[in-house]
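Not measured: the values here are computed from a predicted model. Numbers restart at 1 for each chain; the letters A, B, ... are given by sequence-line order, proteins then strands.
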Amino acid sequence: MSMESTPFDKAANRYEAEDRDLEAALANIWSIAEENHLDPFPTHFEVVPPNVISEIGSYGLPERYSHWTHGREYRQIKTMYDWGLSKIYELVINSNPAQAYLMENNPPIENKLVMAHVLAHSDFFKNNKLFAPTRRDMPEAAAHNAVRIQGYEEQYGKMAVEQLLDATLSIEEHVDPYRPNRPQKEDELRNWREQASRKRRPHESIPAGQFDDIFDIASKPVLKVIHDQHTEALHIPPEPDRDILGFIRNHGPNLQEWQRDVIDIVRSESLYFYPQRRTQIRNECCASHWHKRIMREMSDRNLISDKDNEIWWRQHSGVVAPDPKRINPYYLGMKMYEYLEDYYNGTLSAEENDWLIKEHIPVQPRFEGRLEDSPAIPALRDIMIHNDDQSFIRNHFNKIVADRMDMYIYEERVDFDGEVDYVVIDNGWQKIRDMLVSSMDNSGMPYITVVDGDYNNANQLYLRHEYEGKALDPDYIKKTLPYIFRLWQKPVHLEARSDKANRVYSYDGTEVSEKRISF
Amino acid sequence: MENNERWFASISRQDWSFERRGDQDAARHNEKVKEIIKDNLEGVISDGEIITADPRSKKTIKVPMRSLELPRFRYGDEREGIGMGEGGSQPGDGVGDPGKEAGTDPGEEYYEAELSLQEIQEMVFEDLGLPRIKPKEQKDIPSEIVKYDDVRHNRSPSGLDISRTIMQNMLRNAQDYGVAEIKGISPEDYRVRRWEEDVRPENSAVVIAMADISGSMGDFEKYITRAFCWWTVSFLRTKFPEVELVFISHDTEAQEVTEKQFFSRGTGGGTRCSAPNELALELLQHRYPPTSHNVYPLHFSDGDNQYGDNPRCVDLVQQLLDSEVNQYAYIQIGKTSSSGLLNEYTKNISDERFKGLKITEKEGVLAALKKVFNPEEQED
């Protein structure tokens, strides 16, 4: 040992044998994954102490900016770990190369299962279409963002930055994933003006005479409105805009440059996480299936001892256990995968095939060859590439899966003594599917748009909830509006619909008021 | 590893022992939780766990509260969900543990903020003080203060006051060479800290706590008296350790008791509120003359006084005020607070040093404490 060796070097040496063992397993896991047509990013695994895995898990990215909500998450996760209630099994960052973490206290066999699981995630990140526009350099970008935010803290005070972050994070999900690269303010206004003027002169590109009668009918009232618009300012935004953060970043009347930058940071990180919010089941579906498949293969090749086989199987069963009161995405995902595999391999039960025939769904011929040549693999890869959770459930959830998982809809009932009971009210598979699908609309978040950025001709912000059958919680509206006011710095309004009454909630800097409106 | 060129995965470790970010942000969250608790102290301080604790104990108090979250637009709570059984679930079947899980649904995260008793005390004490306190020269209480010696030669520099020594050196250089620089510090520049005993006059004070322990004082009344007195005692013991506390319990007769007895006694007798006030007046004459003491009588009762005794009470309280007590506080406790004695006092006593208060619920204790121990009321 050299003179320069630090205590850490000694610690590293202590893990030498274990790390060699993990590396050897990783080589095998990687080649089994490849044989099964998985195509992950290059993936780096770092073995870290439990508090670090809790930390990165709660921040979502290593070296992300500091905020108390991350601290709250961290405390919760860490407490759960310390009490032995739960621990983070796997943690992998969507980046190229993918960055994953293993817990140093885990028995090596558990970390091997995690490696197999992570490679399937990495494959999903790389190949699922929804992830195509995400920044693969996000860890670096987030670290730069954190440095800038820290700089603002030094310059403008921790309190000012925290208050801005609080306000911005309260509407962080309100971005438009289909318009990630929103132009800056000046470019955007120019685009909008050009679009408006194109609409204004629709017939210029059309030869005169030919359609005049139609234009006469169609455009007289329109022309009047257009004329008004011409003399008045452009309506901002021209169309309802769901990218509330982007809209405020560009058009917030009194924001300073650094404040726009902070809003932009939150917006870009929210866009980065958007596909993960949309594919939780899909992601775990593949990962849970593949860790099981790869570990079995390892076992078949005598690369895992009998004792270790027992450990990983127990760990696997724990991860995919059904939950009586909520959806366990690992379990649902794995069961859906198993069903689809059985379907494409033609290995469903006779009873299940009968149901397919009754529903006029073709029954696949029974496949008897090697697992790697199964027709299920390309079919499931295709499904993996092109679906998010919502389309996956809509397209592939059916009676067979619902029955295999014994799924049901339950209801909360409060009895005379105020005790709460949960009672099964339905187990019809269509109802379950529809409920699942509708709960995934906009990742479960209400869809809210900016309708007017110059409301009352006084630069006030007018938002609208695009009602689709579920009403917003009024308490939360009243609490959230002041946060948006903090960003917009002028009165803020929200039009909230429900099937009973339609209301506009307003916050003017002192108090929230509400009034009923009619349509 | 013959396929080394084909696979792109690696494993490493590094030193994470300096990682503190999670802890720092968690501390900030905790700070915010405390701010919330501070705004809702009135709901916390009458907690049974607190007012039965030794005020100086290192006990931690758990304050259950909703986990702090940023507000966001969300749908109202759903009463339906999707679950998975172990096979054969039918409509009408129960799910999960019945009755046990209210309030633990997702989205209803509860958090038990842990605060030390001391932290809660500091929050409460921040706004409390002794009103109209005056210097009284009865006892001279020794206290240690730091004094700075003059020039000392040949002293060991163990108690060296570095900044003063440097100042002295610069001063000397300015005098000697006309340049105020740090140069050639010698023992003659040394300025040394020295502990020295000094005497200063103490504001000696006494709080006379009088509590009605008659049969009409129900559980609620006793509880509030206890809560108020617990805070009074712990406040004085912490912030004004020199303040003397005298405890008087009474039904139709008054008696000076120990602190322990004060917090535990109860009788089934009637109520005569003039009795403790007579005793207080006696104590003032013989033991704590207001010329040399700041005196704060404090009386708790449900106001259900013996018939015909009220005028006598008014008279005695007026006598106490006339003999220059700093303040007289009467606290009437009761959920269905009848007008009682309090009415009689407020009708007949106009002195602003008299404070008549009513506590009708647990949450009222903090406001009452702030009124009774209002540091802003001082005489010019």
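- Checked for salt-bridge contact, B:Glu69 and A:Arg72 miss the test: no charged N lies under 4.0 Å from a carboxylate O.
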Passes side chain to side chain contact (heavy atoms under 4.5 Å, CB included), A:Ile327 versus B:Met84? Steps please.
-> CA-CA 7 Å; A:Ile327 301 282; B:Met84 300 154 164; 4.1 Å; yes
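- For B:Glu181, the CD atom sits in a packed shell: over 12 heavy atoms of surrounding residues, nucleotides or ligands are nearer than 6.0 Å.
- The heavy-atom pair separating B:Pro71 from A:Ser170 by the smallest distance is O-CB, 3.0 Å.
- Surrounding CG of B:Asp54 are more than 12 heavy atoms belonging to other residues, nucleotides or ligands, all under 6.0 Å away.
- Looking only at heavy-atom pairs under 4.5 Å with chain A, the residue among B:Gly76, B:Gly81, B:Ala27 that has the most is B:Gly81.
- Between A:His174 and B:Phe73, the ring-plane angle classifies as perpendicular under the 30° and 60° cut-offs.
- Checked by atom type and distance alone, the side chain of B:Arg74 never pairs as donor or acceptor with a backbone atom of A:Tyr476 at under 3.5 Å.
- Looking at A:Ile432, both its backbone and its side chain come within 4.5 Å of chain B, counting heavy atoms on both sides.
- Only the side chain of A:Thr69 has a heavy atom closer than 4.5 Å to any heavy atom of chain B.
- The side chain to side chain donor-acceptor pair (under 3.5 Å) test with B:Arg28 is passed by exactly one of A:His70, A:Glu162, A:His67: A:Glu162.
- In this structure, the separation between CG on A:Asn51 and CZ on B:Arg20 is 8.5 Å, given to the nearest 0.5 Å.
- The environment of A:Lys478 atom NZ is dense: over 12 non-hydrogen atoms of other residues, nucleotides or ligands sit within 6.0 angstrom.
- Options A:Pro322, A:Pro42, A:Pro446 differ in how many heavy-atom pairs under 4.5 Å they form with chain B, and the most are formed by A:Pro446.
- For B:Gln118, the CD atom is loosely surrounded, since the number of other residues' heavy atoms within 6.0 Å does not exceed 12.
- For A:Met435, the CE atom sits in a packed shell: over 12 heavy atoms of surrounding residues, nucleotides or ligands are nearer than 6.0 Å.
- Proximity to chain B (any heavy atom under 4.5 Å) is restricted, for A:Tyr483, to the side chain, taken from C-beta onward.
- Using a 4.5 Å cut-off between heavy atoms, A:Val52 contacts chain B through its side chain alone, with no backbone atom that close.
- Ranking A:Leu169, A:Asp475, A:Asn328 against chain B, the residue ahead of the rest is A:Leu169, based on heavy-atom pairs under 4.5 Å.
- Between the side chains of A:Glu104 and B:Trp16, not a single donor N or O lies within less than 3.5 Å of an accepting N or O.
- More than 12 heavy atoms of other residues, nucleotides or ligands shown are found within 6.0 angstrom of CD on B:Glu42.
- No part of B:Glu31 comes within reach of chain A, as not one of its non-hydrogen atoms sits under 4.5 angstrom from that chain.
- Heavy-atom distances place the side chain of A:Tyr74, and not its backbone, under 4.5 Å from chain B.
- A donor atom on one side chain and an acceptor atom on the other are found under 3.5 Å apart for B:Asp25 and A:Tyr59.
- At a 4.5 Å heavy-atom cutoff, the contact between A:Leu332 and chain B is made by backbone and side-chain atoms alike.
- A donor-acceptor contact shorter than 3.5 Å links the side chain of A:Asn427 to the backbone of B:Ser89.
- Counting heavy-atom pairs closer than 4.5 Å to chain B, the top-ranked of the candidates A:His44, A:Glu411, A:Lys479 is A:His44.
- For the atom pair A:Leu472 CG and B:Tyr75 OH, the distance stands at 7.0 Å (nearest 0.5 Å).
- The number of heavy atoms from other shown groups lying within 6.0 Å of NZ (A:Lys431) does not exceed 12.
- The shortest distance between side-chain heavy atoms of B:Asp23 and A:Arg75 falls below 4.5 Å.
- The environment of NZ in B:Lys371 is sparse: at most 12 heavy-atom neighbours from other residues, nucleotides or ligands sit within 6.0 Å.
- Of the atoms belonging to A:Leu436, heavy atoms from both backbone and side chain fall under 4.5 Å from chain B.
- In this structure, B:Ile82 CD1 and A:Asp426 CG are separated by 10.5 Å, a value rounded to the nearest 0.5 Å.
- Using a distance-only test at 3.5 Å, with no hydrogens or angles considered, a donor-acceptor pair links the side chain of B:Arg21 to the main chain of A:Arg64.
- Both the backbone and the side chain of A:Asp166 come within contact range of chain B, with heavy atoms under 4.5 Å apart.
- Residues A:Leu26 and B:Ser10 come closest through the heavy atom pair CD2-N, 3.9 Å.
- Interface check for chain B: of the options A:Arg413, A:Arg404, A:Glu173, the most heavy-atom pairs under 4.5 Å are formed by A:Glu173.
- Looking at B:Arg13 and A:Glu18, a side-chain N of the basic residue comes within less than 4.0 Å of a carboxylate O on the acidic one, giving a salt bridge.
- Residues A:Met115 and B:Ile11 are in side-chain contact: their nearest non-hydrogen atoms beyond the backbone lie under 4.5 Å apart.
- For the pair A:Tyr408/B:Val95, a side-chain contact is recorded, criterion being any heavy-atom separation below 4.5 Å from C-beta on.
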